[in-house]
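Written below as structure tokens is the structure these notes are about.
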Amino acid sequence: MSKEQISGEMSRHGMTRRGFLGAVAATGATVAATGLAGCNGGGGTDDGGDASDGGQSAVELIEADEEGFVVRATNTDGKAPANECILAFEGEFQEMHPMDWSDGNSGNVVYYIYDSLYDLDENYELVPRAADSYEVSADACTYTFHLHEGITFTDGTPLDAAAVVANYEAAIDPANNWRRRRMFIESIDENTEETRVDSCTAVDDYTVEFHLPEPYAPFMNSVTQFYLISPAALADSSWDYSKQSAGSGPYVLEEYAQGDHVSIVRNENYWGEAPSIDRVDFRVVPEAGSRIAALQTGEATAIYPMPTDQVATVRSAGDINMVSLESTTMRYVTLNTNYEPLSDVRVRQALNYALNQDEYVNVMYSGAATPATSVLPEMVPGYKAQTPYEYDLEKAKSLLEEAGYADGFEVSVICDNSTQETKGATFVMQQLEQIGVTVNVLPNEAATNAEIAAEPEDTTELQMWYVNWSQSDPDGFLRSLLSSAMVPPTGYNTAFWRNDEFDSELEAGNAAPTVEEQNEHYGKCQDIAWEECPWLYLASDNTLLSYKAYLNGIKYVPQGIDVIHATLNV
């Protein structure tokens with residue numbers, strides 16, 4: 001079946017195939033004292049894998065058909081209680097500022113409220129949003145965007161070239177210190193910065209040019225996350241984005257209750273195709289059982305992530321669809337290379353040899369994941385496969401002994417305190433104890449972990465972090481998580497890992513004129529990082545999403561769940 005046929009078939013069933021952009025998120029659970037690796041996932045299918053106790057795992061492995069469906073609803077006559085879509089998420093929504101969010105859930109909400117110039121669709125292809133078209137100069141240093149005429153922000157201000165310039169100027173202003181500043185200005189160290197985009201000018205009322213001092217391959221991907229704010233709000237230093245929105249998107253903010261929910265309602269003056277659904281609620285439901293229960297009763301229209309051990313529950317409900325789609329999410333544990341045991345590459349490699357990736361995939365995701373074979377997931381452009389760290393306890397013990405830690409050592413790992421994240425950190429704890437490494441699991445609220453991760457290396461107490469990240473281009477992984485320029489508090493290189501050759505290859509890849517040359521340099525970056533082991537490499541898990549049969553046209557795009565043009569049977 002062709003990609004077009006698959007997409008058409010999935011649209012008829014209410015789902016569109018794609019990858020996934022999530023980033024860091026979660027909330028609510030306690031560390032289980034009992035073993036995980038070798039526990040029964042409920043299905044009784046023996047995969048024959050080695051458990052951490054030397055036994056075998058018995059888990060019900062998730063299998064999807066060629067269109068991504070694990071379960072197809074058999075009862076499709078149901079009606080939604082109202083023309084409102086309730087999306088239940090495991091993680092929190094930490095920030096409603098369109099230029100200062102960092103977690104994927106917040107970015108998902110921002111996507112509904114604010115327009116970017118271009119978007120990435122479910123097939124990772126660029127599609128127009130506030131701009132109708134763009135072109136790039138022959139030297140790849142000037143990007144010219146032609147804006148759609150007639151767009152206004154919710155306060156009536158036109159979204160024109162002057163508004164885009166105002167957003168650029170606000171974004172690069174160091175006094176604001178917004179995260180989107182990194183799209184245009186890269187901090188190298190405390191006193192040095194490198195300009196990615198050196199100017200943004202209005203050619204005429206609806207034409208705007210961005211000029212780059214040198215080619216920068218990830219620029220268009222960054223544009224999809226450059227959400228435009230009304231110039232009136234930009235000029236108001238007291239504007240509270242958690243209480244009122246200032247965008248031009250299909251929805252407007254109604255209420256933001258941190259740790260509980262975000263409610264948005266249809267923008268009645270939206271310039272584009274009007275949404276069909278009146279209201280969308282994003283709710284924080286950290287406990288997996290509560291999410292599935294809400295879906296069963298209709299208190300939730302869709303849930304993410306879908307608990308991997310509840311497939312039978314969904315199947316028996318009859319009115320729920322479940323899909324499993326490959327994603328760009330990477331699960332890993334950062335290893336603080338400044339912390340003495342972890343500063344030795346042999347120790348970091350030993351930890352990787354001690355972790356059974358296949359068991360992790362089965363226990364954590366019931367098989368709906370792929371063991372990590374690089375610092376990039378396979379779906380990310382520029383991915384280069386590496387030689388896996390095969391599960392080998394003797395090799396791991398030998399490396400520890402060689403490094404002077406024959407008796408192991410003690411280390412702490414923070415994680416978000418949701419059911420799944422705490423379970424994952426506990427799995428890591430149990431795996432590493434096989435080689436004498438004592439791991440203390442410290443579950444925290446997501447906001448607390450964000451604060452811990454932002455501490456600079458001279459004050460940080462972070463040793464290991466069980467975390468996940470997703471981006472749709474190689475720079476979004478390599479620079480954001482592993483470059484010297486992105487150690488905290490600037491970015492999320494919480495391994496505090498620095499490698500000059502890696503940094504040089506990354507910059508060469510970003511400046512290379514062709515995709516082939518870019519990927520050659522990005523591949524070398526992956527070679528270097530994989531050998532150095534700044535992370536404990538886990539897996540890339542599939543997007544598992546379940547939704548009521550009365551919801552039609554739901555999509556999963558790099559920005560997250562998209563029901564902007566979905567419909568409800570009411």
Side-chain angles (χ1 to χ4, degrees), residues 20 22-26 36-38 41 47 49-52 57 59 62 90-91 104 305 308 326-336 342 347-380 383 385-393 396 411 413-416 418-435 437 439 441 443 449 463-471 477 481-482 492 494-495 497 526 529-530 532-544:
F20 158 62
V24 186
L36 292 176
D47 75 315
D50 292 329
S52 63
S57 289
V59 294
I62 290 174
E90 179 183 49
T308 58
E326 291 182 66
S327 83
T328 60
T329 302
M330 179 62 77
R331 305 276 170 177
Y332 58 101
V333 178
T334 64
L335 307 175
N336 184 344
L342 301 177
V347 171
R348 301 195 300 271
Q349 290 174 344
L351 300 188
N352 275 286
Y353 280 116
L355 190 128
N356 188 331
Q357 288 182 314
D358 291 333
E359 194 70 16
Y360 176 81
V361 164
N362 289 340
V363 170
M364 293 298 299
Y365 301 105
S366 299
T370 304
T373 51
S374 180
V375 294
L376 300 184
E378 290 185 28
M379 283 192 68
V380 174
Y383 159 83
Q386 304 293 314
T387 302
Y389 288 91
E390 298 289 353
Y391 181 55
D392 188 336
L393 293 180
V411 66
V413 60
I414 64 170
C415 64
D416 289 356
S418 68
T419 307
Q420 188 75 357
E421 298 294 286
T422 307
K423 179 181 176 182
T426 304
F427 180 92
V428 170
M429 173 192 74
Q430 294 173 340
Q431 292 278 288
L432 298 188
E433 70 183 3
Q434 300 173 100
I435 57 171
V437 176
V439 179
V441 178
N449 282 338
Q463 296 171 7
M464 292 167 51
W465 186 14
Y466 180 91
V467 70
N468 64 86
W469 186 267
S470 182
Q471 261 286 2
F477 272 91
L481 303 179
L482 292 168
Y492 280 105
T494 51
W497 178 70
Q526 293 166 73
W530 189 257
E532 285 285 308
C533 289
W535 300 346
L536 184 58
Y537 303 116
L538 301 177
S540 177
D541 56 304
N542 287 9
T543 296
L544 298 178

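Remember, it's a predicted structure, so these values are computed and weren't measured experimentally. Below, each value reflects all heavy atoms present in this structure, side chains not excepted, and no hydrogens, waters or symmetry copies.
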Check your understanding: Got a donor-acceptor contact below 3.5 angstrom from the Gln357 side chain to the Ala372 backbone?
Key ->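 Checking the backbone N and O of Ala372 against the side chain of Gln357, a donor-acceptor pair under 3.5 Å is found.
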Practice item. Look at the side chain of Gln420 and the backbone N and O of Met364, then say whether any donor-acceptor pair between them is shorter than 3.5 Å. Key: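 Yes; judged by distance alone, with no hydrogens or angles, the pair exists.
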Could you grab the distance from atom [atom1] of [X] to atom [atom2] of [Y], nearest 0.5 Å is fine?
X: Ile414; Y: Trp465; atom1: CD1; atom2: CH2; answer: 6.0 Å
X: Thr370; Y: Met330; atom1: OG1; atom2: CE; answer: 9.5 Å
X: Glu390; Y: Asn356; atom1: CD; atom2: CG; answer: 10.0 Å
X: Tyr466; Y: Phe427; atom1: OH; atom2: CZ; answer: 9.0 Å
X: Leu482; Y: Thr494; atom1: CG; atom2: OG1; answer: 9.5 Å
X: Ser366; Y: Asn542; atom1: OG; atom2: CG; answer: 11.5 Å

Practice item. Report yes if the distance between the aromatic ring centroids of Trp530 and Tyr537 is under 6.0 Å, otherwise no. Key: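 Yes; Tyr537 has its ring centre under 6.0 Å from that of Trp530.
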Can you see which heavy atom on [X] is nearest to which on [Y], and at what distance?
X: Phe477; Y: Pro377; value: CZ-CD, 3.5 Å
X: Arg348; Y: Leu342; value: NH1-O, 2.8 Å
X: Leu544; Y: Ala368; value: CD2-CB, 4.0 Å
X: Ala529; Y: Pro534; value: O-CD, 3.2 Å
X: Ala495; Y: Thr334; value: N-CB, 4.1 Å
X: Ala425; Y: Val413; value: CB-CG1, 4.5 Å

Point to revise | Member of Asn449, Thr422, Val467 meeting the side chain to side chain contact (heavy atoms under 4.5 Å, CB included) criterion with Asp416 | key: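 Single pass found, and it is Asn449.
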**Study point:** Candidate list Val333, Leu481, Asn352, test side chain to side chain contact (heavy atoms under 4.5 Å, CB included), partner Trp535, passing option
**Key:**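 Only match with Trp535 under side chain to side chain contact (heavy atoms under 4.5 Å, CB included): Leu481.
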Check your understanding: Do Ser470 and Thr328 meet the criterion of a side-chain donor-acceptor pair at a distance under 3.5 Å?
Key ->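 A donor-acceptor contact under 3.5 Å links the two side chains.
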**Study point:** Residue pair Tyr383 / Thr373, side-chain donor-acceptor N/O under 3.5 Å
**Key:**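 There is such a pair (donor and acceptor under 3.5 Å, judged by atom type) between the side chains of Tyr383 and Thr373.
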What I'd like to find out is whether the side chain of [X] reaches to under 4.5 Å of the side chain of [Y], using heavy atoms alone.
X: Met429; Y: Thr426; answer: yes
X: Lys423; Y: Val363; answer: yes
X: Val411; Y: Leu335; answer: no
X: Val439; Y: Gln431; answer: no

**Study point:** Under the ring-ring contact (aromatic ring centres under 6.0 Å, His included) test, residues paired with Tyr353 that sit two or more places apart
**Key:**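 By the ring-ring contact (aromatic ring centres under 6.0 Å, His included) rule, Tyr353 matches Tyr389.
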Check your understanding: Does Ala369 have any side chain to side chain contact (heavy atoms under 4.5 Å, CB included) partners at least two apart in sequence or in another chain, and if so, which?
Key ->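 Ala369 satisfies side chain to side chain contact (heavy atoms under 4.5 Å, CB included) with Val361, Tyr365, Ala539, Asp541 only.
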